[in-house]
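Each chain gets a letter, A, B and so on, in the order the sequences are listed, and its residues count up from 1.
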Amino acid sequence: MIDLKYIRQNPEQIQQAIINKNEKADLAALLALDESRRKLQYDFDTHKAEQNRMSDVIATKKRNKEDASKELSEMSLVAEKIKQLQAELSQQNAELDSLLLRIPNVPESDVPIGNDESFNEIIRHEGELKKWDFEPQDHLQLAQANGLIDFMRGAKISGSGFPVYSALGARLERALINFMLEYHQQKHGYSELMVPLMVNRKAMTGTGQLPKLEDDMYRCNEDDLFLIPTAEVPVTNYYMDEVLSYKDLPLLHVAYSPCFRREAGSYGKETRGLKRLHQFNKVEMVRFCLPEDSPRHLEEMLDNAEAILKAFGLHYRVLKLATGDLSFASQKTYDLEVWAPGSKEYLEVSSVSNFGEFQARRANIRYRDAAGKMQFPHTLNGSGVATPRLMIAILESYQNADGSIQIPDVLKPWLELRINK
RNA sequence: GGAGAGGUGACCGAGCUGGCUGAAGGUGCACGCCUGCUAAGCGUGUGUAGGAGAAAUCUUACCCAGGGUUCGAAUCCCUGCCUCUCCGCCA
């Protein structure tokens, strides 16, 4: 969340951010409530100060065995009043919090302004575009022909969007996950966490998925737990309510997890095959760092994600997201889109974001700086990367004329085989 | 699931027969001193969040969370959550 004091002092900037991000936060109501709450706070404080002072007087009198009945009867009235003020105050505080939690993070100044993805800025293209002397098939045909993925049976047992990876498909998927996990640990210095797949409301609020996206998540009502839409949630909240030392920073974590997304209402062509799923696998990178270092860490994470695509020799492009396409909590995001030669389109496989102190404030993650002062670290995260679309790009890029798939060299340690029909 | 114990500051840990405790002591951290041989000794300082104020400063809240009793609660009562120990069940 944004510092309330900052909002109070820079309302125009916040309002502009709300507009640029297509959010519906009610800034006017927030400011009005803030005003009235401060008055109430002052009133409450004044009464409370009086009560505290008189309590001392009463205590002293009693100790000296003097009569305090006059003070006692006076104070019972004040106690009444305080109780009433307190009730009002805690109600206003709750309302204020709920309004504050709906104020989005402010995009950085170099983020392109525009209310949808058409304003995203293509920064560069990387990797070779492969050419074949035959017409490349798309991943659905290849997966089917090689018996790698069973969409029908997945739909039978769970519904559409829940594929079953079978036989070599399962091994390939597992190899991808292992390759990426190892790569980030060995080459990029991340430390692995294996995290719960269900988290509570507080954690979901900490990273900013709640309150906005409640309807997009699978939920266990009985226990008020949510299936994670990304490992970002448990990994970032790992340090929730903790005070770190500046010496601990930066912290780099990588985690593999399945990701669960309801994404109600997103049906159509897009949902065919592996492109859009309710459950998919992803390796996620998360960083906690000193505020002044976060821009550098964002670029490093982008490199880390790109390294995976480069390791497979895939063609991809790097996008800087426009304000309207930025997530609620992000202040700057790069997307990586890999080229799928069979489907002939770019597919998003990674989103790398800097959240500034936005998430740290929400999750109450702090650190003590060299001078001993409490500060909020900056948090960042990036997919490194999501497997389904990586799988698409690999199947389509490594196909042979006969419909078989060549296994990329980097996966050899996990998968020696060549997949044949 | 049953029985017991407990949740205090960055961390550990006193207090818990209600008022003089925002909270002893230690560790850590910061600064200074001393000493010099593999690391220590000594001194000083060190809560967070909100409100008022130009500032000095004043003030409020906070001892898991939420209620209650009381003029007054870290301390008493209730509810919830969590942790630990023992028993049961189970992968």
Side-chain angles (χ1 to χ4, degrees), chain A residues 1-9 30-101 103 194-206 210 220-226 234 237-249 251 288 290 357-358 360-377:
Chain A
M1 71 178 89
I2 311 277
D3 182 13
L4 184 55
K5 230 181 269 174
Y6 186 86
I7 296 177
R8 203 182 289 148
Q9 284 158 6
L30 177 77
L31 291 171
L33 188 58
D34 173 50
E35 189 73 31
S36 83
R37 199 220 59 197
R38 276 150 73 204
K39 288 210 178 79
L40 194 56
Q41 177 81 53
Y42 186 83
D43 201 13
F44 174 79
D45 284 0
T46 310
H47 281 83
K48 203 58 184 150
E50 167 71 1
Q51 186 183 58
N52 289 341
R53 199 176 58 78
M54 285 307 289
S55 283
D56 275 351
V57 172
I58 291 167
T60 309
K61 285 204 165 189
K62 289 213 163 183
R63 228 174 289 128
N64 298 337
K65 306 271 193 311
E66 291 172 42
D67 177 46
S69 54
K70 181 164 153 279
E71 286 81 0
L72 285 177
S73 66
E74 275 175 28
M75 280 304 100
S76 69
L77 291 173
V78 175
E80 258 335 278
K81 177 74 174 171
I82 285 174
K83 200 170 269 186
Q84 177 204 329
L85 288 171
Q86 175 142 43
E88 282 178 53
L89 193 59
S90 61
Q91 206 223 328
Q92 290 207 6
N93 277 329
E95 278 175 44
L96 193 70
D97 276 351
S98 101
L99 286 170
L100 198 52
L101 284 173
I103 304 289
M194 192 167 273
V195 291
L197 306 183
M198 306 187 84
V199 300
N200 58 31
R201 184 169 287 276
K202 196 177 169 195
M204 277 296 185
T205 308
L210 288 180
C220 221
N221 275 305
E222 293 260 303
D223 305 293
D224 205 29
L225 291 172
F226 298 82
N237 285 291
Y238 187 63
Y239 297 105
M240 173 202 293
D241 290 328
E242 290 190 32
V243 178
L244 308 166
S245 163
Y246 69 98
K247 292 175 182 165
D248 298 330
L249 303 174
L251 279 163
F288 302 80
L290 297 174
E357 60 176 39
F358 190 80
R361 271 184 185 278
R362 290 185 156 233
N364 193 31
I365 300 164
R366 293 175 296 175
Y367 73 94
R368 207 175 277 281
D369 66 19
K373 280 200 54 143
M374 289 287 198
Q375 307 281 0
F376 292 102

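Residue M374(A) is in sugar-phosphate contact alone, with no base atom involved, counting any heavy-atom pair closer than 4.0 Å across all strands shown. Contact annotation for K202(A): no contact, since no heavy-atom pair falls under 4.0 Å across all strands. Nucleic acid contact class of R37(A) (heavy atoms, under 4.0 Å, all strands): sugar-phosphate only. The residue A68(A) sits apart from the nucleic acid: no heavy atom pair falls under 4.0 Å. The residue K373(A) sits apart from the nucleic acid: no heavy atom pair falls under 4.0 Å. Within 4.0 Å of Q51(A), counting heavy atoms only, lie sugar-phosphate atoms of the nucleic acid but no base atom. Within the nucleic acid shown, Y367(A) has no heavy atom closer than 4.0 Å to any nucleic acid atom. Using a 4.0 Å heavy-atom distance criterion, N52(A) is classed as a sugar-phosphate-only contact. R366(A) comes within contact range of the sugar-phosphate backbone alone, with a heavy-atom separation under 4.0 Å but no base atom that close. Within 4.0 Å (heavy atoms only), R201(A) reaches no atom of the nucleic acid at all.
Base pairing of A24(B) is not made with any nucleotide, judged by Watson-Crick or G-U wobble geometry with both donor-acceptor distances under 3.5 Å. When Watson-Crick and G-U wobble pairs are counted only if both distances are under 3.5 Å, A40(B) pairs with no nucleotide at all. Base pairing of C76(B) is made with G68(B), judged by Watson-Crick or G-U wobble geometry with both donor-acceptor distances under 3.5 Å. C84(B) and G4(B) make up a base pair, with Watson-Crick or G-U wobble contacts both under 3.5 Å. Across all strands shown, C16(B) has no partner, as no Watson-Crick or G-U wobble contact with both distances under 3.5 Å is found. When both pairing distances are held under 3.5 Å, U57(B) makes a Watson-Crick or G-U pair with A52(B). C89(B) is unpaired under the criterion used here, namely a Watson-Crick or G-U wobble arrangement in which both key atom distances are under 3.5 Å. Nucleotide G45(B) forms a Watson-Crick or G-U wobble pair with C29(B), both donor-acceptor distances falling under 3.5 Å.
G2(B) and C71(B): their C1' atoms are spaced 44 Å apart (whole Å). Separating the C1' atom of G28(B) from that of C76(B) is a span of 35 Å, rounded to the nearest Å. Taking the C1' atoms as reference points, G26(B) lies 27 Å from C82(B), given to the whole Å. Across the P atoms, C64(B) and A73(B) are found 15 Å apart, a figure rounded to whole Å. Going from the P atom of G9(B) to that of G66(B) covers 15 Å, rounded to whole Å. Taking atom P in both C29(B) and A10(B), the straight-line distance is 16 Å, to the nearest Å. Taking the P atom of each, A55(B) and G41(B) are spaced 43 Å apart, rounded to whole Å. Straight-line distance between the C1' atoms of G88(B) and C12(B): roughly 34 Å, to the nearest whole Å.
Position along RNA chain B of the nearest nucleotide to V243(A) versus R38(A) favours V243(A) as the more 5'-ward residue. Residue whose closest nucleotide on RNA chain B sits further toward the 5' end, between S90(A) and S73(A): S90(A).
The closest side-chain donor-acceptor pair between K83(A) and Q86(A), if any, does not fall under 3.5 angstrom. Counted by atom type alone, Q84(A) and E80(A) present zero donor-acceptor pairs between their side chains at under 3.5 Å.
With respect to the salt-bridge test (charged N to carboxylate O, under 4.0 angstrom), the residues R38(A) and D34(A) qualify.
One distance of note links CD of E357(A) with OH of Y6(A); it measures 10.0 Å at 0.5 Å rounding. For the atom pair CG (L101(A)) and CZ (R362(A)), the distance works out to 4.5 Å, reported to the nearest 0.5 Å.
When atom types are taken as modelled, the side chain of D369(A) and the backbone of A371(A) share a donor-acceptor pair closer than 3.5 angstrom. D248(A) places a side-chain N or O within donor-acceptor distance of the main-chain N or O of S245(A), the cut-off being under 3.5 Å.
Counting non-hydrogen atoms of neighbouring residues, nucleotides and ligands closer than 6.0 angstrom, the CE atom of M374(A) exceeds 12 such neighbours.
If you walk RNA chain B from 5' to 3' and mark each nucleotide with an atom closer than 4.0 Å to a heavy atom of chain A, the marks span A10(B) to G72(B).
Looking at N237(A) and V199(A), their side chains never come closer than 4.5 Å, going by heavy atoms from C-beta outward.
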